[in-house]
2 protein chains.
Amino acid sequence: MRQGIPDATVARLPVYLRALTTLAEDGTATVSSEELAAAAGVGSAKLRKDLSHLGSYGTRGVGYEVEYLVYQISRELGLTQDWRVVIVGVGNLGHALANYGGFVSRGFTVAALLDADDRIVGETVGGLVVRPVDDLEEVVAEQGVHIGVVATPAPAAQDVCDRLVAAGVTSVLNFAPVVLLVPDTVMVRKVDLSTELQILAFHEQRQVANRLSVDVPARVVALEPDGGTGRAGVSP
Amino acid sequence: MRQGIPDATVARLPVYLRALTTLAEDGTATVSSEELAAAAGVGSAKLRKDLSHLGSYGTRGVGYEVEYLVYQISRELGLTQDWRVVIVGVGNLGHALANYGGFVSRGFTVAALLDADDRIVGETVGGLVVRPVDDLEEVVAEQGVHIGVVATPAPAAQDVCDRLVAAGVTSVLNFAPVVLLVPDTVMVRKVDLSTELQILAFHEQRQVANRLSVDVPARVVALEPDGGTGRAGVSP
DNA sequence: CGATGTGAAGACATTCACAGCG
DNA sequence: CGCTGTGAATGTCTTCACATCG
């Protein structure tokens with residue numbers, strides 16, 4: 001039950017959480033695994049297996065109590081405490097991030113916005129005054145920042161990341177199109193537009209190829225199980 | 001050799017491609033799997049296995065020719081042809097996307113920017129005039145759009161997605177914090193800030209817990225930037 | 001010789017199918 | 001009876017270790 005939730009499960013918990021909060025707003029009190037799975041875009045067996053890693057929070061013959069499950073998942077993800085975030089780089093993307101409502105909504109506080117450009121420093125974005133990037137170490141130390149968001153141009157990203165790590169940040173969310181090198185003790189997650197588009201392009205290409213060879217019952221096409229639960233078009 | 005490159009491999013090819021183009025700009029002619037793997041932040045065995053799915057493009061005892069490998073990966077990802085993209089929703093995030101340079105850089109053309117807000121329609125963003133969202137079907141049909149980017153507020157996302165799909169789009173990149181329901185024939189990938197932050201929070205929480213129990217040498221390892229599922233591990 | 005390419009082994013994740021409980 | 005929770009089976013990905021070849 002406890003001790004080590006699989007990474008694949010952790011990656012899906014936020015999706016379940018979102019579906020559950022939506023249900024809660026609609027006034028739904030309980031859900032079956034079937035219903036919740038549909039709302040989250042996964043199979044019901046996978047959902048039940050995922051939830052079983054947190055404990056036995058369902059009722060057989062009934063389902064899950066929405067409010068209770070929201071709390072349990074939130075606790076497991078560490079959202080019952082507040083995490084302070086610093087955003088470095090207030091360009092187009094940084095603006096979008098700073099104004100993103102869901103950011104603050106659950107457990108995350110933007111401690112500061114930093115930028116290297118004098119023309120941006122001093123501006124107010126999302127209710128915060130942009131500070132010079134030189135304040136980085138000071139901000140991290142004084143505000144007890146845990147998570148750094150790198151939204152700088154590519155050339156500056158590694159340097160900013162190094163400074164974040166040196167200042168004590170142990171989680172980094174990277175929007176710059178570079179591979180950040182960090183010590184083993186630091187966790188990095190990357191969000192990359194071109195990567196996503198390129199993955200979509202690959203699937204588009206294959207789909208077009210399949211469309212052309214529809215008439216030809218080549219035996220190589222046998223890879224597709226087809227029929228009922230074939231490829232759902234969802235991210236891995 | 002051909003027929004079915006694993007999804008996990010496809011998700012990493014863009015990373016290799018980026019590392020390779022950087023190397024090419026620096027004038028490097030050949031790389032070993034060891035070097036390229038380091039630049040991409042993966043293990044060398046994994047890299048070789050990944051590349052082996054494309055074919056035998058290396059030279060034993062030497063390594064890979066950078067230019068040649070760039071071409072082969074690009075071709076495999078379908079980047080040798082041009083994919084037309086429509087961006088729906090030109091708020092903060094849409095602005096960032098429209099101005100994102102790497103967007104156009106390789107194989108992607110923004111066919112149009114659409115928005116439902118009259119105050120934004122008519123503005124010029126990233127060199128394009130924002131058009132009303134009512135033009136969606138027309139734009140998709142006339143420009144032969146393959147990929148739709150949903151950057152709208154959450155409540156509008158599913159509706160926009162439905163219209164994209166009905167108009168013939170078969171790949172969708174979703175930035176709205178909702179689970180989009182689509183037919184099996186359509187591929188959706190999701191980019192979600194809160195999801196990423198929540199996954200980081202989970203690992204932060206666990207790291208803090210580990211730090212408190214000092215005697216137990218449970219070292220948090222491997223961060224591994226990747227597409228889709230984030231994997232990271234804790235070694236026993 | 002040295003680095004690729006790859007079977008084989010192992011780790012991890014998903015799916016199945018049903019026992020067990022409310 | 002209906003739905004959860006879970007062992008067992010299946011499938012997928014990663015890692016190892018070395019034969020192979022330029």
Side-chain angles (χ1 to χ4, degrees), chain A residues 1-13 15-16 29-38 40-66 68-69 72 222-232 234-236, chain B residues 1-13 15-16 29-38 40-66 68-69 72 221-236:
Chain A
M1 144 193 178
R2 179 50 52 84
Q3 192 59 320
I5 299 174
D7 292 328
T9 295
V10 171
R12 281 186 296 265
L13 289 180
V15 179
Y16 302 154
T30 61
V31 274
S32 66
S33 63
E34 204 77 49
E35 294 164 333
L36 182 52
V42 303
S44 64
K46 191 188 280 188
L47 178 107
R48 287 201 302 279
K49 178 72 85 180
D50 281 343
L51 294 184
S52 77
H53 287 112
L54 313 188
S56 286
Y57 297 138
T59 308
R60 292 168 197 245
V62 179
Y64 302 90
E65 202 208 324
V66 174
Y68 185 53
L69 196 50
Q72 290 299 343
L223 168 79
E224 279 274 324
D226 208 322
T229 47
R231 320 232 113 233
V234 192
S235 26
Chain B
M1 141 190 181
R2 176 53 54 83
Q3 189 49 25
I5 299 175
D7 289 337
T9 296
V10 172
R12 282 186 296 265
L13 289 180
V15 180
Y16 302 155
T30 61
V31 272
S32 67
S33 63
E34 205 76 49
E35 293 164 333
L36 181 53
V42 303
S44 65
K46 191 188 281 187
L47 178 111
R48 288 199 304 278
K49 178 71 88 180
D50 282 343
L51 294 184
S52 77
H53 287 112
L54 313 188
S56 285
Y57 297 138
T59 307
R60 291 170 198 245
V62 179
Y64 302 90
E65 202 209 324
V66 175
Y68 186 52
L69 196 50
Q72 291 298 344
V221 204
L223 19 147
E224 191 125 2
D226 68 312
T229 16
R231 29 211 76 229
V234 169
S235 349

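Below, chains carry the letters A, B, ... as their sequence lines are ordered, and counting in each starts from 1.
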Query raised in the report: Rounding to a whole Å, what distance do you find between B/His53:NE2 and C/dG5:P?
Result: 12 Å
Query raised in the report: Any idea which of D/dT6, C/dG5, D/dT4 is nearest the A/Ser32 side chain?
Result: D/dT4
Query raised in the report: Do you know the tightest heavy-atom contact between A/His53 and A/Thr9?
Result: ND1-OG1, 3.9 Å
Requested in this report: Kindly say whether B/Val62 contributes a backbone atom to a donor-acceptor pair with the side chain of B/Thr59 at under 3.5 angstrom?
Outcome: no
Query raised in the report: Where do B/Thr30 and B/Glu65 come nearest, in terms of heavy atoms and distance?
Result: CG2-CA, 4.1 Å
Query - Comparing A/Lys49 and B/Leu51 on DNA chain C - which has the more 5′ nearest nucleotide - result: B/Leu51
Report task. Could you state the atom-to-atom distance from CG of A/Leu13 to C1' of C/dA13 in whole Å? Result -> 15 Å
Requested in this report: Of all the heavy-atom pairs spanning A/Val15 and A/Ala40, show the shortest one and how long it is.
Outcome: CG1-O, 3.7 Å
Report task. Find which nucleotide of DNA chain D each of B/Thr9 and A/Glu34 is nearest to by heavy atoms, and output the residue with the more 5' nucleotide. Result -> A/Glu34
Query raised in the report: Base, backbone or nothing for each nucleotide of nucleotides 17-22 of chain D, written B, S, -, heavy atoms under 4.0 angstrom, 5' to 3'?
Result: B--BBB
Report task. Output the single nucleotide from D/dC13, C/dT14, C/dG5 whose closest atom is nearest the side chain of A/Ala8. Result -> C/dT14
**Report entry** A/Ile5 CD1 - C/dT14 P separation (whole Å)
**Finding:** 14 Å
Query raised in the report: In whole Å, what is the span from the CG atom of B/Leu47 to the P atom of C/dT4?
Result: 8 Å
Report task. Determine, stepwise, if the pair A/Tyr64 / A/Tyr57 fulfils ring pair (Phe, Tyr, Trp, His ring centres under 6.0 Å). Result -> CA-CA 7 Å; A/Tyr64 302 90; A/Tyr57 297 138; 8.8 Å; no
Report summary line: In whole angstroms, the gap separating C1' of C/dG5 from CG of B/Leu36 amounts to 15 Å
Query raised in the report: Side-chain N or O of B/Ser33 less than 4.0 angstrom from OP1 or OP2 on C/dT4?
Result: yes
**Report entry** B/Ser32 side, atom OG; B/Leu47 side, atom CG - distance, nearest 0.5 Å
**Finding:** 9.5 Å
Report task. Let me know the distance between CG of B/Asp50 and P of D/dT15, rounded to the nearest Å. Result -> 11 Å
Query - Euclidean distance, atom OH of residue A/Tyr57 to atom P of D/dG5 [Å, nearest integer] - result: 11 Å
Report task. For A/Leu36 and A/Tyr16, work out which heavy atoms get closest and say how close. Result -> CD1-O, 4.4 Å
Query raised in the report: Between C/dT4 atom P and B/Lys46 atom NZ, what is the distance in whole Å?
Result: 17 Å
Query raised in the report: Does B/Tyr64 have a side-chain nitrogen or oxygen under 4.0 Å from the phosphate oxygens OP1 or OP2 of C/dG5?
Result: yes
